[in-house]
Structure formats: C-alpha cells, structure tokens
Protein chains: 2
Amino acid sequence: MATDFTERTVEYDKLLADFKTLLKEKALKFTNQREKILETLYYSQEHLTPEALHQLIKEKYPELNAGIATIYRTLSMLEDNNIVSSLSFGAQGKKYELGAKDHHDHMICTKCGEITEFVDEVIETQQHKIADEHGFKMQDHSMQIYGICKTCQEQQ
Amino acid sequence: MATDFTERTVEYDKLLADFKTLLKEKALKFTNQREKILETLYYSQEHLTPEALHQLIKEKYPELNAGIATIYRTLSMLEDNNIVSSLSFGAQGKKYELGAKDHHDHMICTKCGEITEFVDEVIETQQHKIADEHGFKMQDHSMQIYGICKTCQEQQ
DNA sequence: TTAGATAATGAGAGTGTTTATCAAGCCTTA
DNA sequence: TAAGGCTTGATAAACACTCTCATTATCTAA
Ligand SMILES: [Mn+2]
Ligand SMILES: [Mn+2]
Ligand SMILES: [Zn+2]
Ligand SMILES: [Zn+2]
C-alpha cells in the first residue's frame with residue numbers, strides 16, 4: 001500500500017507532465033521558475049498570496065532568484081489555463097490555490113483566518129436555478145461563509 | 001398616497017436621524033462631509049467605489065471640497081457600524097452600498113459589469129446548515145454569481 | 001551538438017488604490 | 001464663547017500589482 005508521500009509524488013508527477021504538455025501545445029517554455037511555482041503550490045496545499053508564494057520559493061530555492069513579477073505572470077498564466085484558481089476575500093489581495101482539485105467553496109474564520117473548504121450540491125444546483133430565472137448565463141460563482149471556527153469558539 | 005420621492009425623503013430622514021444618534025452615542029461628530037456621504041449613498045442607490053462616490057460628491061457639492069481620505073475614512077466607519085456593506089469583486093477594488101436594505105446576494109455580468117441583486121431562501125437556509133455541520137458559528141456570508149446578463153447575450 | 005529564433009526573466013519604474021501623518025479647522029458642551 | 005478634542009484635506013507613504021526592457025534561458029532544427 002502506497003504511503004501518502006508516494007501518492008502525492010505520483011499525483012504531482014502527473015500534474016507536472018500535464019503542465020509540460022500544455023506548455024508545448026501553446027509554444028510556451030518550461031522554465032525552472034514555472035516548475036518551482038507549480039511544485040510549491042502543490043506541496044504547500046494552501047491558499048497563498050503571490051507574496052507568500054514568493055517568500056516560500058525564495059526560502060527553498062534562493063539560488064533561483066525568482067522575481068515577484070514572474071510569480072504574478074505565472075499565476076495569471078496558470079489561472080488562464082485553469083490550473084490554479086483565485087479567491088478574493090474581504091480584505092485586499094487575492095489568494096491562489098491549485099485548481100486541480102474539484103470546485104469548492106470556502107468557510108473563513110474571522111478570528112484565526114482558518115479556511116475550510118466544502119461542496120454542497122443543494123447550493124450548486126440552486127445557483128444555476130437562480131441564474132436561469134434571471135436569464136443570466138452563469139459562468140462561475142464564489143461563495144464564502146464567515147464566522148467563528150470550532151477551535152476559536154472553544155478557546156473563548 | 002405618498003409619491004416615491006416623499007417616501008424616499010421620509011426614509012432618508014429616518015436614516016439620517018439614526019446616524020446622528022449613533023454618532024452621539026459614540027462621541028463622534030456630525031460633519032458636513034459625513035452628511036453628504038450618507039446622502040449620496042442613499043440617493044444614488046448604487047454600488048459605488050470610493051472613487052465614484054468622491055466624484056459624485058465633488059460634482060454636487062464642489063464647495064465642500066471633500067478629500068478622498070475622508071471618503072475612505074467615512075466608509076470604513078459606516079461599515080464598522082453596519083450602515084454600509086462592501087463587496088469585493090475579483091478585479092477592481094471594493095464597492096459600497098447602504099446596508100439599510102435587506103440582505104441580498106449579487107449576480108455580476110462579466111461583460112458590462114451590471115449587478116443584479118437577489119435573495120434566495122433555499123441558499124440562505126442551506127448556508128446555515130453547512131456552517132452547523134462544521135461546528136462553525138456563522139456570522140455572515142457573501143455569494144456572487146458571475147456570468148453574462150440577458151442584454152449582453154442578446155447583443156452577441 | 002550547435003546556433004539561431006524567440007519566449008521568459010529580473011530589476012526597477014510606473015500605476016492605481018488605500019492608509020498614515022499632521023497641522024489647521026470645525027463641533028460639541030459647559 | 002472658549003476650550004478640547006474629533007475631523008479634515010493635503011500629501012507622503014505603503015501596497016498590490018503591471019509594464020518595460022535589456023539580458024538570459026529554452027527550444028528546435030540543422
Ligand atoms: Mn480552496
Ligand atoms: Mn447590493
Ligand atoms: Zn478560528
Ligand atoms: Zn451585461
């Protein structure tokens with residue numbers, strides 16, 4: 001039976017292979033910077049701001065000397081190709097995450113900032129219904145629930 | 001029977017009176033700038049960026065010479081006191097609207113930027129249910145549906 | 001393997017938005 | 001009316017990106 005680490009590696013290898021294929025299809029180049037950005041997004045498994053992602057990469061690969069502009073450029077490119085998705089929370093700035101996983105919405109703790117992901121079929125269905133009723137051609141949606149997480153409630 | 005204008009005026013007078021009471025309670029001062037900001041938010045009945053609100057006020061009350069910093073400060077204060085609420089769309093900044101009206105969510109046309117408001121009981125109920133299931137104490141939520149509005153579909 | 005074409009990069013300037021600072025002015029209350 | 005302290009506008013500064021451009025890296029075809 002495979003360990004978590006092995007599974008992750010296999011999954012990442014597939015992600016990377018697909019990424020290379022995509023780049024080739026679009027006549028884009030496979031660079032060290034692009035590889036490390038994808039890898040860091042994958043292994044951090046978090047919702048990262050471009051700035052946070054830049055920090056992580058500078059720490060792990062200082063010799064890469066990656067510039068912040070490249071982080072922004074690559075995140076935009078990845079988003080255009082549906083490899084990552086971005087969230088804009090109440091405060092300023094966007095956070096990015098690998099979109100390889102299925103669509104989901106977010107619950108955000110206003111005390112500790114913890115983000116919980118969830119999917120709810122009732123809501124997904126209802127959203128389409130609402131759009132239809134308004135003659136609106138739905139492309140996407142975004143839903144956030146704000147509140148206090150279990151841990152923070154217990155601490156108070 | 002009262003006209004729309006009369007009704008609006010009465011409603012606005014109540015809003016203003018409540019605002020004055022709030023300021024007094026918090027030992028804050030009732031200034032010309034604060035009055036005009038509230039008034040403009042009320043009568044414009046739109047989702048305004050701080051910049052757009054500033055423009056409207058400069059046009060209608062040039063002698064007030066209101067500074068953009070005051071617009072930002074006042075909007076924050078109004079939001080802290082639940083008099084206005086803000087929406088943050090993916091791309092450009094935040095937009096503010098009077099929160100005096102009942103809670104609602106938004107449908108945004110990605111072509112023309114038109115914002116349609118809606119309320120859906122199924123979704124409202126389901127959100128509470130989801131929060132409960134995660135032991136999460138829900139305080140607020142925000143939901144946006146992105147797509148193409150009826151008008152923009154017909155034009156294409 | 002090499003070399004040429006060209007995509008990608010980092011540095012840093014530039015942009016638009018929001019916040020902080022501070023001296024001067026305005027509100028409130030006594 | 002006078003004092004005090006909250007507010008204000010101007011402006012600098014912080015922030016979150018985006019653009020420009022010279023240099024570098026990658027790809028590919030010979
Ligand atoms: Mn997520
Ligand atoms: Mn609204
Ligand atoms: Zn929490
Ligand atoms: Zn439209």
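What you see below is based on every heavy atom in this structure, not just the backbone, and it leaves out hydrogens, waters and symmetry mates. A, B, ... follow the sequence lines: proteins, then strands. Residue 1 opens every chain.
- Of the possible donor and acceptor atoms, none in the side chain of A/Q127 sits under 3.5 Å from a partner among the backbone N and O of B/I145.
- Residues meeting the side-chain contact (heavy atoms from CB on, under 4.5 Å) test with B/S85, sequence neighbours left out: B/E97.
- Distance, A/L23 CG to C/dT6 P: 19 Å, rounded to whole Å.
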Below 3.5 Å is the cut-off: list the nitrogen or oxygen pairs between protein and nucleotides 25-30 of chain D, distance only.
| from | atom 1 | to | atom 2 | distance (Å) |
| --- | --- | --- | --- | --- |
| D/dT26 | O2 | A/K29 | NZ | 3.1 |
| D/dC27 | OP1 | A/F30 | N | 3.0 |

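- With hydrogens and angles ignored, the 3.5 Å screen pairs no side-chain donor or acceptor of A/R34 with any backbone N or O of A/T74.
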Do any N or O atoms of the protein come closer than 3.5 Å to N or O atoms of nucleotides 20-24 of chain C, and which pairs are they?
none

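- Smallest separation of non-hydrogen atoms from A/Y96 and A/L41: O-CD2, 4.4 Å.
- Note: CD1 (A/I68) to P (D/dA14) measures 18 Å, nearest angstrom.
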Audit row: B/R73, B/T70, side-chain hydrogen bond (donor to acceptor under 3.5 Å, both in side chains) steps and yes/no: CA-CA 5 Å; B/R73 281 187 289 239; B/T70 296; 3.2 Å; yes
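- Following rounding to the nearest Å, B/E51 (CD) and C/dT15 (C1') show an atom-to-atom distance of 14 Å.
- Between the P atom of D/dT7 and the CD atom of B/E35 lies a distance of 15 Å, rounded to the nearest Å.
- Rounded to whole angstrom, the span from the OH atom of A/Y96 across to the C1' atom of D/dA16 amounts to 11 Å.
- Counting only distance, with no hydrogens or angles, the side chain of B/H134 and the backbone of A/F118 share no donor-acceptor pair below 3.5 Å.
- With A/D120 contributing its side chain and A/V122 its backbone, the two residues share a donor-acceptor pair below 3.5 Å.
- Ring centers of B/H141 and B/H128: at least 6.0 Å apart, outside the cut-off.
- Although no hydrogens or angles enter the test, the distance criterion places no donor-acceptor pair under 3.5 Å between the side chain of B/E117 and the main chain of B/D105.
- Here A/Y72 reaches the OP1 or OP2 of D/dC17: one of its side-chain N or O atoms lies under 4.0 Å away.
- The separation between A/M77 atom CE and D/dT18 atom P is 15 Å, rounded to whole Å.
- Summarising the geometry, the separation between NE2 on B/H54 and P on C/dT18 is reported as 13 Å, rounded to the nearest angstrom.
- The distance between atom CD1 of A/I37 and atom C1' of C/dT9, rounded to the nearest whole Å, is 11 Å.
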